[in-house]
2 protein chains.
Amino acid sequence: MILGQRIKEEREKRNWTQTDLTEKLNVSRQSISKWELDSAYPDIERLIQISDLFNVTLDSLIKGDSELQRHITVKGTDDHMNGWEFWAHYWWIIFPIAGLIMSFLSYLN
Amino acid sequence: MILGQRIKEEREKRNWTQTDLTEKLNVSRQSISKWELDSAYPDIERLIQISDLFNVTLDSLIKGDSELQRHITVKGTDDHMNGWEFWAHYWWIIFPIAGLIMSFLSYLN
DNA sequence: CAGTCACGCAACCATTGGTTGCATAGTTGA
DNA sequence: TCAACTATGCAACCAATGGTTGCGTGACTG
């Protein structure tokens with residue numbers, strides 16, 4: 001579980017102490033320590049508070065998902081995708097490849 | 001809390017019974033009933049399983065967030081990013097633009 | 001109307017998240 | 001150098017709650 005790591009990360013990014021978080025989330029400092037050490041997990045209500053406080057998605061907190069990783073997940077579990085979905089997923093790789101091919105063709109000219 | 005509603009929604013969308021979910025998630029049928037009635041919340045590990053099984057984001061499950069809302073949130077809260085973060089975020093757009101510029105330059109040749 | 005399916009309710013139990021209190025390491029300043 | 005303070009981790013305890021088993025009920029169905 002990556003959650004503890006992520007919470008600590010976001011906290012330190014803001015130069016907050018665990019005690020600082022205490023006030024913002026209304027829990028004891030120990031709870032926060034536990035969360036960060038993966039010795040316990042915050043309950044759902046507090047998870048929402050945390051994601052709101054840090055302005056990050058729950059997926060980013062819990063799964064450590066970045067946008068990119070998320071696409072991979074979707075891809076791995078999508079049983080079938082139509083043409084449009086394919087484009088929506090892979091335009092970012094098709095685009096530069098197309099660009100490179102174009103430049104190569106121009107070069108041949 | 002919207003979670004129960006969302007789970008039920010995704011389950012019924014697939015015409016699954018609670019018992020069907022039982023096998024896929026390795027919990028008793030009662031637990032699932034409780035989740036859907038907001039009489040209990042699945043623990044984090046199972047939440048991840050659920051989001052993977054249904055192929056939806058955790059935010060969508062827990063907050064009821066749509067993709068759109070999610071993007072707005074993410075975008076609106078990025079406070080500052082250093083050079084590297086910028087690259088990490090935007091390489092996918094810089095890449096194809098570079099490709100297009102290259103092809104254009106080759107064309108001028 | 002017996003059998004079955006899908007689901008909710010109630011009671012019990014075990015897990016675990018949260019709290020209080022104490023210990024430790026690092027830092028600061030007289 | 002050593003008290004004082006800060007930031008964090010560890011241990012023990014307790015209450016909350018998630019999960020399970022067992023039972024009840026309404027809706028179909030042959």
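Chain identifiers are assigned alphabetically (A, B, ...) following the order of the sequence lines, protein sequences preceding nucleic acid strands; residue numbering begins at 1 within each chain. Just the heavy atoms: all of them, side chains too, but no hydrogens, waters or symmetry mates, feed the values below.
Remark: P of D:dC10 and CD1 of A:I32 are 16 Å apart, rounded to the nearest angstrom. Rounded to whole Å, atom C1' of D:dG18 lies 15 Å from atom CG of B:L25. Rounded to an integer number of Å, the gap from A:N15 CG to D:dA7 P is 11 Å. In this structure, the CG atom of A:D43 is 10 Å from the P atom of C:dT19, given to the nearest Å. Here C:dT15 presents its P atom at 13 Å from CZ of B:R46, a figure rounded to the nearest Å. The distance between atom CG of B:D20 and atom C1' of C:dC5, rounded to the nearest whole Å, is 12 Å. A straight line from CD of B:E12 to P of C:dC7 spans 7 Å, rounded to a whole angstrom. Atom pair B:L47:CG and D:dG18:P shows a separation of 11 Å (rounding to whole Å applied).
Using modelled atom types and a 3.5 Å distance limit, the side chains of A:Q18 and A:Q30 yield no donor-acceptor pair. A donor-acceptor contact closer than 3.5 angstrom links the side chains of A:S31 and A:S28.
For D:dC10, the base has a donor-acceptor partner in the side chain of A:Q30 [N/O atoms by modelled type, under 3.5 angstrom]. The base of C:dG18 sits within donor-acceptor range of the side chain of A:K34, with an N or O pair under 3.5 Å. Taking only distance into account, the side chain of A:R29 meets the base of D:dG9 through a donor-acceptor pair shorter than 3.5 Å.
Considering only side-chain atoms of B:S28, the nucleotide from D:dT8, C:dC9, D:dG19 that sits closest is D:dG19. Nearest to the side chain of A:S33, among D:dG19, D:dG9, C:dG18, sits D:dG9.
At a threshold of 4.0 angstrom between heavy atoms, the contacts of B:Q18 are confined to the sugar-phosphate backbone, with no base atom among them. Base engagement by B:S31 is indicated by at least one non-hydrogen atom pair under 4.0 Å involving a base atom.
Residue A:T19 places none of its side-chain N or O atoms closer than 4.0 Å to OP1 or OP2 of D:dT8. Here A:W35 reaches the OP1 or OP2 of C:dG18: one of its side-chain N or O atoms lies under 4.0 Å away.
At least one side-chain heavy atom of B:I50 sits under 4.5 Å from a side-chain heavy atom of B:W35. Side-chain atoms of B:D20 and B:N15, non-hydrogen and from C-beta on, never get closer than 4.5 Å to each other.
Judged purely by atom type and a 3.5 angstrom limit, A:D59 uses its side chain to pair as donor or acceptor with the backbone of B:D59.
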